[in-house]
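Heads up: the structure comes next, in structure tokens.
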Amino acid sequence: MPLTPHPQPDQRSLRRGMVAGVGAYAMWGVLPLYFPLMAGAGVWEIGAHRVLWSMLFCGLLLALTGTLGQVRALLRDRGVLGRLALASSFLAANWVTFLYAVLTDRVVDASLGYFINPIITVLLAVLVLRERLRPVQWVAIGIAAVGVVVITIGYGTMPWVAVVLAGSFGIYGLAKNRIGRTVPALPGLLVETTALMPVSLAYVVVLGIQGTGTFLTATDATALGHPWHSLALAGSGITTAVPLVCFAVATRALPLSTVGLLQFIAPTMQFIIGVAVLGEQMPAARWAGFVLVWVALVLLGVEGQRARRRPADPVPPAPQ
């Protein structure tokens with residue numbers, strides 16, 4: 001029986017996918033304005049609550065949509081379960097580092113991390129998957145590396161926040177890629193956050209016993225005060241899961257090349273927020289480094305457009 005071509009999405013699906021994609025990356029882009037509202041809780045408490053409330057909210061969404069069976073299928077596959085548990089450790093490193101960046105006025109460094117993430121992903125494809133790069137891709141990697149060196153020399157220290165964010169997210173994406181596209185976003189995130197749940201729950205319980213936790217506690221150290229501070233902590237689950245739902249809709253409806261371009265919305269918004277809203281400094285060396293990274297990304301984008309008819313790369317993993 002001859003194979004039938006996969007039907008092209010109609011205009012309505014494309015519009016819905018575009019709205020969902022822009023919405024997902026825009027929500028990720030404004031996270032630097034959300035997490036400082038809980039600054040009194042500190043990086044580790046916010047991170048623990050993000051894990052717990054993300055797990056609960058993902059479970060609720062899956063229950064309401066009648067798709068909890070997808071989670072049971074993942075739990076029965078030990079290979080997939082192990083890879084998701086491994087991915088969760090890099091997800092946790094990414095979340096904690098991002099929270100640290102936001103709460104210590106390093107939002108611009110965080111945006112740099114997500115700008116260079118596609119370049120790290122390409123580099124990992126060479127080092128781990130033994131893929132061959134085309135000359136333009138090597139040039140792009142070299143230019144981006146020079147950009148990081150320029151920033152390092154200008155500041156006298158490596159922008160480790162950007163490097164850790166890009167590296168942890170790149171390895172997280174690689175781990176998810178090895179699992180394949182058969183794992184939907186929400187069930188996968190539920191399994192990952194469940195793997196992180198014991199440590200997160202233990203940390204929150206210890207804070208409660210010691211009387212140093214901020215959840216359900218009125219304190220002058222929190223920006224919002226009770227009960228809004230507690231609601232904001234719980235809302236971290238919503239701000240994690242809802243963009244993922246939108247991202248899943250976008251990846252089903254839009255071409256891969258479009259999703260690849262949309263991913264730069266989030267770091268661009270973070271960069272603008274860091275400079276224009278939070279007033280982070282941009283000396284000449286930092287501008288020069290960013291410009292070099294942007295040039296590298298343009299080269300990667302142009303080369304990707306040229307090669308778009310070749311076998312497609314995996315969909316870019318969703319930012320967290």
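Quantities reported herein were computed from a predicted structural model and do not represent experimental measurements.
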Next on the checklist: Grouping I, L, V, M, F, W and Y whenever their side-chain heavy atoms are under 4.5 Å apart, do Leu60 and Leu75 come out in a common cluster?
Outcome noted: no
Item to check | Inter-residue atom distance Met27.CE - Thr240.OG1, 0.5 Å rounding | outcome: 11.0 Å
Next on the checklist: Let's go through Leu174 and Val128 carefully: what are the C-alpha distance in whole Å and the side-chain angles of both, what is the deciding distance for side-chain contact (heavy atoms from CB on, under 4.5 Å) to 0.1 Å, and is it a yes or a no?
Outcome noted: CA-CA 9 Å; Leu174 176 65; Val128 179; 3.8 Å; yes
Item to check | Expected output: side-chain Glu280 to main-chain Val108 donor-acceptor under 3.5 Å | outcome: yes
Item to check | Ser54 side chain to Val51 backbone, donor-acceptor under 3.5 Å | outcome: no
Item to check | Where Pro198 and Thr194 come nearest, the two heavy atoms and their spacing | outcome: CD-O, 3.4 Å
Item to check | Nearest atoms (heavy-atom pairs only) where Gln70 meets Pro187 | outcome: OE1-CG, 3.1 Å
Checklist entry - Are the charged groups of Arg286 and Asp109 less than 4.0 angstrom apart, N to O? => result yes
Checklist entry - Is Ile143 linked to Val149 within one hydrophobic cluster, defined over Ile, Leu, Val, Met, Phe, Trp and Tyr using a side-chain heavy-atom separation of less than 4.5 Å? => result no
Checklist entry - Shortest non-hydrogen contact from Gly29 to Pro32? => result O-CD, 3.2 Å
Checklist outcome for this item: Closest non-hydrogen atoms of Leu299 and Val139, given as atom of the first, atom of the second and distance, are CD1-CG1, 4.0 Å
Checklist entry - Which pair of non-hydrogen atoms, one from Tyr203 and one from Ala48, has the smallest distance, and what is that distance? => result CD2-CB, 4.1 Å
Next on the checklist: According to a hydrophobic-cluster definition based on side-chain heavy atoms being under 4.5 Å apart (Ile, Leu, Val, Met, Phe, Trp, Tyr only), do Ile119 and Trp138 belong together?
Outcome noted: yes
Checklist entry - Do Val163 and Val161 share a hydrophobic cluster (ILVMFWY, side-chain heavy atoms under 4.5 Å, transitive)? => result no
Next on the checklist: I'd like to know if Trp28 and Val249 are part of one continuous hydrophobic network [Ile/Leu/Val/Met/Phe/Trp/Tyr, side-chain heavy atoms within less than 4.5 Å].
Outcome noted: no
Next on the checklist: When you compare the side chain of Val43 with that of Val96, does any pair of heavy atoms fall below 4.5 Å?
Outcome noted: yes
Checklist entry - Between Arg50 and Phe35, is a side-chain contact (heavy atoms from CB on, under 4.5 Å) present by the stated rule, with each step listed? => result CA-CA 10 Å; Arg50 189 180 186 187; Phe35 288 121; 4.0 Å; yes
Checklist entry - Is the Phe264-Trp294 ring centre distance short of 6.0 angstrom? => result no
Next on the checklist: To the nearest 0.5 Å, what is the distance between CG on Leu262 and CE on Met18?
Outcome noted: 5.5 Å
Next on the checklist: Applying side-chain contact (heavy atoms from CB on, under 4.5 Å) to Glu192 and Leu196, what does each step give before you reach the verdict?
Outcome noted: CA-CA 7 Å; Glu192 291 162 3; Leu196 298 172; 5.8 Å; no
Next on the checklist: Which label fits Trp53 and His49: parallel for a plane angle under 30°, tilted from 30 to 60°, or perpendicular past 60°?
Outcome noted: parallel
Item to check | Audit row: Trp160, Tyr100, ring-ring contact (aromatic ring centres under 6.0 Å, His included) steps and yes/no | outcome: CA-CA 12 Å; Trp160 67 267; Tyr100 173 82; 5.4 Å; yes
Item to check | Main-chain N/O of Thr214 paired to Glu45 side chain as donor or acceptor, under 3.5 Å | outcome: yes
Next on the checklist: Is there a side-chain contact between Ile151 and Leu112 in this structure, where contact means two heavy atoms from C-beta onward sitting under 4.5 Å apart?
Outcome noted: yes
Checklist entry - Which residues satisfy the side chain to side chain contact (heavy atoms under 4.5 Å, CB included) test with Leu186, sequence neighbours excluded? => result Cys58, Leu61, Leu62, Ala241, Val245
Next on the checklist: Contact between Thr193 and Ser88 at the side-chain level, heavy atoms closer than 4.5 Å - yes or no?
Outcome noted: no
Next on the checklist: Could you report the tightest heavy-atom contact between Tyr172 and Ala87, atom names first, then the distance?
Outcome noted: CD1-O, 3.2 Å
Checklist entry - Hey, does Phe98 have a side-chain heavy atom less than 4.5 Å from the side chain of Leu103? => result no
Item to check | Any Leu74 side-chain heavy atom under 4.5 Å of Leu81 side chain | outcome: no
Checklist entry - About how many Å separate CE of Met197 and CG of Leu56, when rounded to the nearest 0.5 Å? => result 9.0 Å
Next on the checklist: When you compare the side chain of Thr268 with that of Ser111, does any pair of heavy atoms fall below 4.5 Å?
Outcome noted: no
Checklist entry - Could you give the distance from CG (Leu216) to NE2 (His229), rounded to the nearest 0.5 Å? => result 9.5 Å
Checklist entry - CD1/Ile120 to OH/Tyr114 distance, rounded to the nearest 0.5 angstrom? => result 13.0 Å
Checklist entry - Is there a side-chain contact between Phe247 and Val259 (heavy atoms, below 4.5 Å)? => result yes
Next on the checklist: I'd like to know whether CE of Met282 has more than 12 heavy-atom contacts from other residues, nucleotides or ligands below 6.0 angstrom.
Outcome noted: yes
Checklist entry - Mind checking whether Leu278 and Asp105 have side chains closer than 4.5 Å, heavy atoms only? => result no
Item to check | Value rounded to 0.5 Å, distance of CG in Leu31 from OG in Ser236 | outcome: 10.0 Å
Next on the checklist: Please evaluate residues Leu165 and Phe115 with respect to the criterion side-chain contact (heavy atoms from CB on, under 4.5 Å), reporting the C-alpha separation (whole Å), side-chain torsions for both, the decisive distance (0.1 Å), and the verdict.
Outcome noted: CA-CA 10 Å; Leu165 281 175; Phe115 274 126; over 6 Å; no
Next on the checklist: Holding to side chain to side chain contact (heavy atoms under 4.5 Å, CB included), I want the full list of residues that pass it with Val199, two or more places apart in sequence or in another chain.
Outcome noted: none
Next on the checklist: Counting the benzene-type ring for Trp, do Phe290 and Trp287 have ring centres under 6.0 Å apart?
Outcome noted: no
Checklist entry - Does the Thr258 side chain pair with the main chain of Leu254, one donor and one acceptor, at a distance under 3.5 Å? => result no
